[in-house]
Amino acid sequence: MSETSGTSTGSPRLRAELDGVPTYKPGKPAAAGGPVAFKLSSNENPYPPLPGVLESVVAGADTFNRYPDMACTGLMEELAERFGVPVSHLATGTGSVGVAQSLLQATSGPGDEVIYAWRSFEAYPIITQISGATSVQVPLTDGEVHDLDAMAEAITDRTRLIFVCNPNNPTGTAVRRAELERFLDRVPSDVLVVLDEAYKEFVRDPEIPDGIELYRDRPNVAVLRTFSKAYGLAGLRVGFAVAHEPVAAALRKTAVPFGVSQLAQDAAVASLRAEDELLGRVGSLVAERERVRAALVAQGWTVPDTQANFVWLRLGERTADFAAACERHGVVVRPFAGEGVRVTIGEGEANDLFLQAAEGFRKEL
């Protein structure tokens with residue numbers, strides 16, 4: 001070895017699949033001390049933790065020097081009882097997106113294809129590309145809903161996984177039972193269908209199915225849920241999957257060891273035990289959602305029927321200008337450049353400021 005062999009002007013060789021991977025863009029925060037008073041750019045719950053949650057976190061704060069329970073035993077048992085599923089059909093992760101990434105690791109790699117609607121959850125193309133698989137994006141219908149017929153037609157012998165975000169992020173639209181069951185009947189049994197139900201608690205349309213009921217007699221269906229939205233634990237990062245044992249076991253194999261902190265596990269258990277309070281809070285947010293959507297429609301906007309905790313406005317080239325107008329009124333929203341804005345339902349005051357911004361912008365058109 002020469003004297004200079006340890007010195008190089010090059011860089012370590014990284015996986016080619018990472019070339020061009022887009023960076024996930026979180027919702028823009030409200031500027032400290034600035035004119036923006038409310039953050040409606042991330043789908044967070046505006047309420048504080050549910051009763052018992054803060055106490056459970058404080059009680060566990062003196063165990064930071066210990067690893068968490070890697071098996072999430074208490075949380076898994078609580079989830080199994082709550083949803084009527086075997087513990088062996090459960091897997092946890094760092095939010096539902098962490099579990100989604102594990103699903104891709106377990107099913108898809110170079111040469112494989114992953115189908116999802118577009119626009120849909122921003123993380124899908126990122127985690128698909130990281131896995132080395134190829135994204136197959138199927139445009140939404142004119143009504144901003146998953147085109148399940150087109151998604152079924154996009155299946156090939158290379159398809160390994162299909163995401164169905166229901167309700168869909170960022171449009172809030174949802175597919176109904178009959179069309180979803182018809183779609184599932186068309187999917188080959190060796191292709192995994194992932195029903196991403198991060199916003200399930202906000203659904204009020206009785207025709208929108210509970211994915212856990214659909215999974216029970218379909219071995220190729222997995223359901224994602226999270227504690228980040230309705231349960232208000234976005235900062236603790238805990239989500240879970242319900243899937244038949246081979247899939248759930250693969251998820252547990254591919255999960256980051258000790259990924260879900262003990263604080264997150266304890267907080268999730270406490271949240272599940274405070275369900276009555278949860279339902280009241282979600283009901284209040286749904287009422288605000290309906291108020292905001294009705295006001296926007298009255299102003300003349302086209303707003304898809306939303307079953308999530310946000311509304312969607314397709315604005316095209318006016319997207320950035322609209323987001324800037326909202327900031328001038330004291331709220332920050334989530335723009336998707338050239339497409340539209342997603343606006344989370346927040347406190348009543350925040351929602352009123354947003355509606356004032358929308359009305360003023362509309363009058364200027």
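Side chains are part of it too, since the values below use all heavy atoms of this structure and drop only hydrogens, waters and symmetry mates.
Two residues are said to be in side-chain contact when any heavy atoms from C-beta on lie closer than 4.5 Å; Val331 and Val343 fail this criterion. Within the 4.5 Å cutoff, the side chain of Gln356 has heavy atoms near those of the Leu353 side chain. In this structure the side chain of Glu78 reaches within 4.5 angstrom of the side chain of Arg273, judged on heavy atoms. Side-chain contact between Arg82 and Glu275 is present, with heavy atoms from C-beta onward closer than 4.5 Å. At least one side-chain heavy atom of Asn45 sits under 4.5 Å from a side-chain heavy atom of Leu285. Contact of the Asn168 side chain with the Val145 side chain is not registered, since no non-hydrogen atoms from C-beta on lie closer than 4.5 Å. At a threshold of 4.5 Å between non-hydrogen side-chain atoms, the residues Asp210 and Lys200 count as touching. Taking the side chain as every heavy atom from C-beta outward, Pro335 and Val341 approach each other to under 4.5 Å.
In this structure a side-chain-to-backbone donor-acceptor pair under 3.5 Å is present from Gln307 to Asp205. Of the possible donor and acceptor atoms, none in the side chain of Arg342 sits under 3.5 Å from a partner among the backbone N and O of Val333. The backbone N or O of Pro48 lies less than 3.5 Å from a partner atom in the side chain of Arg281, making a donor-acceptor pair. In this structure a side-chain-to-backbone donor-acceptor pair under 3.5 Å is missing from Ser108 to Ala133. Distance alone, capped at 3.5 Å, is enough to place a donor-acceptor pair between the Arg252 side chain and the Leu90 backbone. Panel note: side chain Arg293, backbone Pro304; a donor-acceptor pair is recorded below 3.5 Å. Looking at Gln265, its side chain does come within 3.5 Å of a backbone N or O of Val260 through a donor-acceptor pair. Between the Arg158 side chain and the Gly111 main chain, a donor and an acceptor come within less than 3.5 Å of each other. Under the 3.5 Å distance criterion, the side-chain polar atoms of Glu201 are left unmatched by any main-chain donor or acceptor of Leu279. No donor-acceptor pair closer than 3.5 Å links the side chain of Thr344 to the backbone N or O of Gly346.
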Residues Val282, Tyr47; criterion side-chain contact (heavy atoms from CB on, under 4.5 Å); working and verdict: CA-CA 10 Å; Val282 170; Tyr47 292 106; over 6 Å; no
Stepwise side-chain contact (heavy atoms from CB on, under 4.5 Å) test for Met76 and Thr73: CA-CA 5 Å; Met76 296 277 269; Thr73 306; 5.9 Å; no
Apply the test side-chain contact (heavy atoms from CB on, under 4.5 Å) to residues Leu103 and Val247: give CA-CA distance (whole Å), side-chain angles for both, the deciding distance (0.1 Å), then the verdict. CA-CA 8 Å; Leu103 282 167; Val247 175; 3.9 Å; yes
Test log, rule side-chain contact (heavy atoms from CB on, under 4.5 Å), inputs Leu296 and Phe354: CA-CA 10 Å; Leu296 290 169; Phe354 161 65; 3.9 Å; yes
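Not counting sequence neighbours, the partners of Tyr231 by the ring pair (Phe, Tyr, Trp, His ring centres under 6.0 Å) test are Phe227.
Note that CG of Asn169 is 9.5 Å distant from CH2 of Trp312, once rounded to the nearest 0.5 Å. Taking CG of Asp147 as the reference point, atom CG of Asp149 lies at 6.0 Å (rounded to 0.5 Å). Here the CG-CG distance, from Leu214 to Asn166, works out to 9.5 Å after rounding to the nearest 0.5 Å. Atom CD1 of Ile115 sits about 4.0 Å away from atom OG1 of Thr159, to the nearest 0.5 Å. Separating the CG atom in Asn309 from the CD1 atom in Ile345 is a distance of 7.5 Å, to the nearest 0.5 Å. With rounding to the nearest 0.5 angstrom, the CG atom of Leu195 is 6.0 Å from the CG atom of Leu184.
Under the 4.5 Å side-chain heavy-atom criterion for ILVMFWY residues, no single connected hydrophobic cluster contains both Leu313 and Phe336. Under the 4.5 Å side-chain heavy-atom criterion for grouping Ile, Leu, Val, Met, Phe, Trp and Tyr, Val193 is not connected to Leu140 through any hydrophobic cluster. Hydrophobic cluster membership differs between Phe310 and Val203, with clusters built from Ile, Leu, Val, Met, Phe, Trp and Tyr side chains linked at under 4.5 angstrom. Leu54 and Leu236 are not part of a single hydrophobic cluster, where members link through side-chain heavy atoms under 4.5 Å apart. Val58 is not connected to Val53 by any chain of hydrophobic side-chain contacts under 4.5 Å among Ile, Leu, Val, Met, Phe, Trp and Tyr, and they are in different clusters.
Shown here is Arg176, whose CZ atom has no more than 12 heavy atoms of other residues, nucleotides or ligands within 6.0 Å. More than 12 heavy atoms of other residues, nucleotides or ligands shown are found within 6.0 angstrom of CD on Glu55. Counted within 6.0 Å of CG on Asp217, heavy atoms from surrounding residues, nucleotides or ligands total more than 12; the atom is thus considered enclosed.
Summarising the geometry of Val85 relative to Ile212, their closest heavy-atom pair is CG1-CG2, 4.3 Å, with the distance given to 0.1 Å. Looking at every heavy atom in both residues, Ser56 comes nearest to Ala270 through OG-CB, 4.1 Å. Looking at every heavy atom in both residues, Thr107 comes nearest to Asp112 through O-OD2, 3.8 Å. The heavy-atom pair separating Cys326 from Ala357 by the smallest distance is CA-CB, 3.9 Å. Of all the heavy atoms in Met151 and His146, the pair that sits closest is SD-CD2, 3.8 Å. The two residues Val269 and Leu75 have their closest heavy-atom pair at CG2-CA, 3.7 Å.
Using cut-offs of 30° and 60° on the angle between ring planes, the pair Phe240 and Phe83 is tilted. Between Phe163 and Tyr124, the angle of the ring planes stays under 30°, which puts this pair in the parallel group of the 30/60° scheme. Taking the six-membered ring for Trp and thresholds of 30 and 60 degrees, Phe202 and Tyr199 have ring planes inclined between 30 and 60 degrees apart.
Salt-bridge formation is detected for the pair Arg334/Glu122: a Lys NZ or Arg NE/NH1/NH2 atom is positioned less than 4.0 Å from an Asp or Glu carboxylate oxygen. Salt bridge Arg225/Glu197: present, at least one basic N to carboxylate O contact under 4.0 Å. Remark: Arg204 does not engage Glu290 in a salt bridge, criterion side-chain N to carboxylate O under 4.0 Å. With respect to Glu288 and Arg291, a salt bridge is recorded, a charged nitrogen being found less than 4.0 Å from a carboxylate O. A salt bridge is defined here as a Lys NZ or Arg NE, NH1 or NH2 lying under 4.0 Å from an Asp or Glu carboxylate O, and Arg218 with Asp185 meets this definition.
Counting only N and O atoms by type, the side chains of Asn220 and Ser189 include no donor and acceptor under 3.5 Å apart. Side-chain contact annotation: Glu113 with Thr156, donor-acceptor N/O pair under 3.5 Å present.
Partner Ile162 forms a side chain to side chain contact (heavy atoms under 4.5 Å, CB included) with one of Val221, Leu192, Ile155 and no other, that one being Ile155.
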